Asker: 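I have a structure here, written as structure tokens, and I will follow up with some questions on it.
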Amino acid sequence: MHIEKDIVVSLHYRLSDEQQEIENSFDDGVPMVYLHGHNNLIPGLESELTGKQAGDKLSVTVAPEDGYGAYDEALKQNVPSEAFAGLDPQPGMQFTADTENGPQQINVLEVTEEFVTVDGNHPFAGKTLSFEVEVTELRDATPTELEHGHIHAGGGCCGSNDDEAKQDDSCCGTSH
Ligand code: ZN
């Protein structure tokens with residue numbers, strides 16, 4: 001079996017940007033599991049995994065345009081402090097804002113009397129990312145997983161292996 005569309009892939013990875021290690025799944029022993037070919041990974045990583053088998057190791061460098069996109073200065077804005085009334089914003093905090101493009105995570109950069117400076121870019125936007133990957137396991141997806149476009153076991157949309165009915169009814173919502 002090799003990695004192709006509709007295969008469920010388990011892998012370990014070490015993620016670094018130009019400066020430092022950001023995430024490492026080897027240390028905690030819990031692999032990432034995803035459904036290949038359904039936009040669950042950034043394109044630059046997913047394309048390199050196609051065709052690989054369990055046990056394969058690879059190093060992948062992903063440019064911003066194949067990862068989380070270029071950094072967009074326009075997404076960095078000064079918002080009047082009144083908009084954050086009652087939220088006590090502090091630098092480093094994250095909020096989910098409703099925008100015309102749907103829910104978007106924003107990061108608080110700076111707080112003054114009048115303004116809160118927020119950044120709607122993904123934290124990895126504009127960064128060249130390096131992945132050290134080891135493919136650990138492959139399996140076929142279930143029909144329900146294919147229908148939903150994501151996995152249903154081992155940390156997918158629910159993070160639970162033991163209750164398929166509950167996963168389908170409550171975890172993934174009723175609309176899909
Ligand atoms: Zn689902």
Side-chain angles (χ1 to χ4, degrees), residues 9 11-49 60-133 145 148-160 163 166-176:
V9 181
L11 56 79
H12 276 299
Y13 68 96
R14 186 177 286 116
L15 166 61
S16 310
D17 65 9
E18 296 95 328
Q19 273 87 43
Q20 60 191 340
E21 183 172 297
I22 299 171
E23 293 171 9
N24 181 344
S25 78
F26 289 95
D27 287 352
D28 61 20
V30 180
M32 183 180 78
V33 188
Y34 77 97
L35 178 61
H36 194 79
H38 292 259
N39 298 318
N40 293 315
L41 285 193
I42 54 174
L45 180 57
E46 185 162 56
S47 62
E48 291 296 317
L49 282 162
V60 181
T61 300
V62 180
E65 57 266 32
D66 296 319
Y68 292 91
Y71 187 88
D72 184 354
E73 283 289 339
L75 293 176
K76 190 171 142 184
Q77 294 177 339
N78 289 327
V79 179
S81 297
E82 299 93 85
F84 289 84
L87 292 173
D88 190 25
Q90 303 289 336
M93 285 176 73
Q94 297 178 339
F95 293 93
T96 301
D98 288 318
T99 74
E100 55 200 18
N101 297 321
Q104 188 175 26
Q105 182 180 303
I106 58 170
N107 303 289
V108 176
L109 297 184
E110 199 182 335
V111 179
T112 70
E113 288 281 312
E114 300 96 51
F115 290 104
V116 176
T117 306
V118 298
D119 189 344
N121 285 285
H122 189 281
F124 297 161
K127 292 188 173 182
T128 297
L129 303 173
S130 299
F131 293 87
E132 298 290 329
V133 179
E145 287 174 328
H148 287 204
H150 53 232
I151 64 155
H152 275 189
C157 67
C158 316
S160 169
D163 191 344
K166 177 170 171 280
Q167 290 176 12
D168 283 345
D169 288 338
S170 58
C171 174
C172 299
T174 52
S175 62
H176 90 156

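In this text, all values refer to a predicted model and were calculated from it rather than measured experimentally. As a basis for the values below, the full set of heavy atoms in this structure was taken, side chains included, without hydrogen atoms, waters or symmetry mates.
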Asker: State the CD-NZ distance between E18 and K127, to the nearest 0.5 angstrom.
Answerer: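 Atom-to-atom, E18:CD and K127:NZ are 7.5 Å apart.
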
Asker: With V33, which of V9, I151, N40 fulfils side chain to side chain contact (heavy atoms under 4.5 Å, CB included)?
Answerer: I151

Asker: Does V116 reach the side chain of V108, with side-chain heavy atoms less than 4.5 Å apart?
Answerer: yes

Asker: Using a 4.5 Å cut-off on heavy atoms from C-beta on, say whether the side chain of F26 contacts that of R14.
Answerer: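 Sidechains of F26 and R14: in contact.
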
Asker: How long is the gap from CZ on F84 to CD on E82, to the nearest 0.5 Å?
Answerer: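 One finds 11.0 Å between CZ of F84 and CD of E82.
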
Asker: Any heavy-atom pair between the side chains of F124 and L15 that's under 4.5 Å?
Answerer: yes

Asker: Do N24 and E21 have a side chain donor and acceptor closer than 3.5 Å?
Answerer: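 Side chains of N24 and E21: pair found under 3.5 Å.
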
Asker: I want to check something: taking the side chain as every heavy atom from C-beta on, are T61 and T128 in contact at a cut-off of under 4.5 Å?
Answerer: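 Side chain of T61 against side chain of T128, heavy atoms only: contact under 4.5 Å found.
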
Asker: Within this structure, what is the CG-CE distance for the pair L11 and M32, rounded to the nearest 0.5 Å?
Answerer: 4.0 Å

Asker: Would you mind writing out the side-chain donor-acceptor pairs for residues 67-77 within the sub-3.5 Å range, not counting sequence neighbours?
Answerer:
unit_1, atom_1, unit_2, atom_2, d
Y71, OH, D119, OD2, 2.5
D72, OD1, A74, N, 2.9

Asker: Are Y13 and E132 linked by a side-chain donor-acceptor pair shorter than 3.5 Å?
Answerer: no

Asker: CG of L129 to CD1 of I42: how many Å apart, nearest 0.5 Å?
Answerer: 5.5 Å

Asker: So, taking the atom named CG in L109 and the one named CG in N121, what distance separates them when rounded to the nearest 0.5 Å?
Answerer: 9.5 Å

Asker: Check the angle between the aromatic planes of H152 and H148 and answer parallel, tilted or perpendicular using the 30° and 60° thresholds.
Answerer: perpendicular

Asker: Hey, could you give me the CG/CG distance between L41 and L49, rounded to the nearest 0.5 Å?
Answerer: 6.5 Å

